[in-house]
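Order of appearance sets the numbers: ligands from 1, and atoms from 1 within every ligand.
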Amino acid sequence: MVNYKDLGLVNTREMFAKAIEGKYAVPAFNFNNMEQMQAIISACVEAGSPVILQVSSGARKYANQTLLRYMAQGAVEYAKELGKNIPIALHLDHGNSFELCKSCIDMGFSSVMIDGSHLPYDENVALTKQVVEYAHQFDVTVEGELGVLAGVEDEVSAEVAHYTRPEEVVDFVTKTGVDSLAISIGTSHGANKFKPEQCTRNEDGILVPPPLRFDILAEIEKQIPGFPIVLHGSSSVPQEYVKIINENGGALKDAVGIPEEQLRKAAESAVCKINIDSDGRLAMTAAVRTVFNQNPAEFDPRKYLGPARDELKKLYMHKCVNVLGSAGKVE
Ligand code: G3H
Ligand code: 13P
Ligand code: ZN
């Protein structure tokens, strides 16, 4: 049993309180490997931003749970070495069982998500409450979810989305005791967030997605004023990356994300955690494909993972400075 406090990590409570007060959102970036971790930490140190290092169960399987834990511990030391002791939370993304959440808490995670959003309401409440009761004994914070996002990933998949029902949120947060609530207002996981028929096209033929449901967000905020809200599926799918990927041998069709100005607007509300994974995947893929296309003889991993890491850092800096507004919030 390891307590996250002994690793130099923090839970999300104070981070979120400051983010709501300061009208910004804390970035939650997923990581699976060393280059992603380096990019996240170096970007957030340079930007002076708090950060949530996010680990999915797929990432745990891919990278090994013990290694990931030590990498997060290393991230704290790495940030100090780079010159800033930024608050770093280690968070389980889309935990799907009590056992998985418990295992992460026991291994030093400072925050967990229990995603019961696909369950009938009462089962979601019961499961989330069970995780909260365990987590709070160790001052670990818990994110629950109401409403279903569309999108398909390794561990998360839903054919049809349904928006969060504002009339359920008071009951859910009261009965479960969660510290933050992920909601569904039109974001979606992955790089193809909407079907082309759900979008319009601008004059350049680029897909324009339907706007987020800020009316539902406002209604939720009215029900639970000041309560920390989380947005999943918040990649913007930069079209520059999609173009580079496709011009260098890739085949991404109809990739579309959430416009950054809508995320900026959300960050100014009680939305205090914004999850971004796919944009990082696109940045890395664009950089790696470019290297291989320009130099097919290259076979030193540092020569393609290095540029991927640099591009990723640039992307994360941009998110902190221009989208989430979290830059400069750490003295
Ligand atoms: O929302 C899920 C994250 O993007 C993680 O995806 O399950 O493929 O690691 P993953
Ligand atoms: P994206 O696929 O939009 O990056 O969302 C990531 C996410 O929600 C992780 O939980
Ligand atoms: Zn998610």
Under 4.0 Å from a heavy atom of [X]: which atoms of ligand 2 are those, numbered in the order shown and with their elements?
X: S278; answer: 1 (P), 2 (O), 4 (O)
X: I276; answer: 4 (O)
X: H232; answer: 8 (O), 10 (O)
X: H189; answer: 2 (O), 5 (O), 6 (C), 7 (C), 8 (O), 10 (O)
X: H94; answer: 10 (O)

Y70 atom OH, over 12 foreign heavy atoms within 6.0 Å |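 Open: at most 12 neighbouring heavy atoms sit under 6.0 Å from OH of Y70.
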
Return yes when atom NZ of K18 has more than 12 non-hydrogen atoms of other residues, nucleotides or ligands closer than 6.0 Å, and no otherwise.
->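 Count not over threshold, so no.
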
Is N30 touching ligand 2 with its side chain, its backbone, both, or neither, if touching means heavy atoms under 4.0 Å apart?
->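 It is the side chain that gets close, since no backbone atom is under 4.0 Å.
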
Side chain, backbone, both or neither: which part of D277 has a heavy atom under 4.0 Å from ligand 2?
->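 The part of D277 near ligand 2 is both the backbone and the side chain.
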
For ligand 1, which atoms have a heavy atom of [X] less than 4.0 angstrom away?
X: N30; result: 3 (C), 5 (C)
X: H94; result: 1 (O), 2 (C)
X: D277; result: 3 (C), 4 (O), 5 (C), 6 (O)

Touching ligand 2 at all, K193? Heavy atoms, strictly under 4.0 Å?
->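 Contact check K193 vs ligand 2: positive.
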
Test V131 against every option in V178, L100, V142 by the side chain to side chain contact (heavy atoms under 4.5 Å, CB included) rule and name the one that passes.
->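 Option passing the side chain to side chain contact (heavy atoms under 4.5 Å, CB included) with V131: V142.
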
How long is the straight-line distance from [atom2] of [Y] back to [atom1] of [X], given to the nearest 0.5 Å?
X: T285; Y: I245; atom1: OG1; atom2: CD1; result: 5.0 Å
X: T164; Y: I220; atom1: OG1; atom2: CD1; result: 4.5 Å
X: Y304; Y: E35; atom1: OH; atom2: CD; result: 9.5 Å
X: F227; Y: L181; atom1: CZ; atom2: CG; result: 6.5 Å
X: F16; Y: D179; atom1: CZ; atom2: CG; result: 8.5 Å

Would you mind naming the N, O or S atom of H232 nearest to the Zn ion (ligand 3)?
->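 Of the nitrogen, oxygen and sulfur atoms in H232, the Zn ion (ligand 3) lies nearest to ND1.
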
Give the atom name of whichever N/O/S atom in H189 sits closest to the Zn ion (ligand 3).
->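 Closest N, O or S atom of H189 to the Zn ion (ligand 3): NE2.
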
Is there any N or O on S56 that sits under 3.5 Å from an N or O of ligand 1?
->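 Yes; the residue has a nitrogen or oxygen that sits under 3.5 Å from a nitrogen or oxygen of the ligand.
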
Less than 3.5 Å between some nitrogen or oxygen of [X] and one of ligand 2, yes or no?
X: G190; result: yes
X: D279; result: no
X: S234; result: yes

Test salt bridge (charged side-chain N to carboxylate O under 4.0 Å, His left out) applied to K314 and E311, step by step = CA-CA 5 Å; K314 240 168 61 190; E311 194 55 51; 3.3 Å; yes

Give the contacting part of H232 toward ligand 1: side chain, backbone, both or neither, where contact means a heavy-atom distance below 4.0 Å.
->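 Neither part.
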
Heavy atom under 4.0 Å from ligand 1: found in D93's side chain, backbone, both, or neither?
->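 For D93, only side-chain atoms sit under 4.0 Å from ligand 1.
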
Carboxylate-amine/guanidinium contact K319 E260, below 4.0 Å |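 A salt bridge is present here (some side-chain N lies under 4.0 Å from a carboxylate O).
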
Thinking salt bridges, do K265 and E261 make one under a 4.0 Å N-O criterion?
->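 No.
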
Can you check salt bridge (charged side-chain N to carboxylate O under 4.0 Å, His left out) on E77 and K80, steps first, answer last?
-> CA-CA 5 Å; E77 299 308 318; K80 283 189 206 152; 3.6 Å; yes

Hey, looking at atom 8 (O) of ligand 1, which of R281, Q54, M113, H189 has the closest heavy atom?
->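 That would be R281.
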
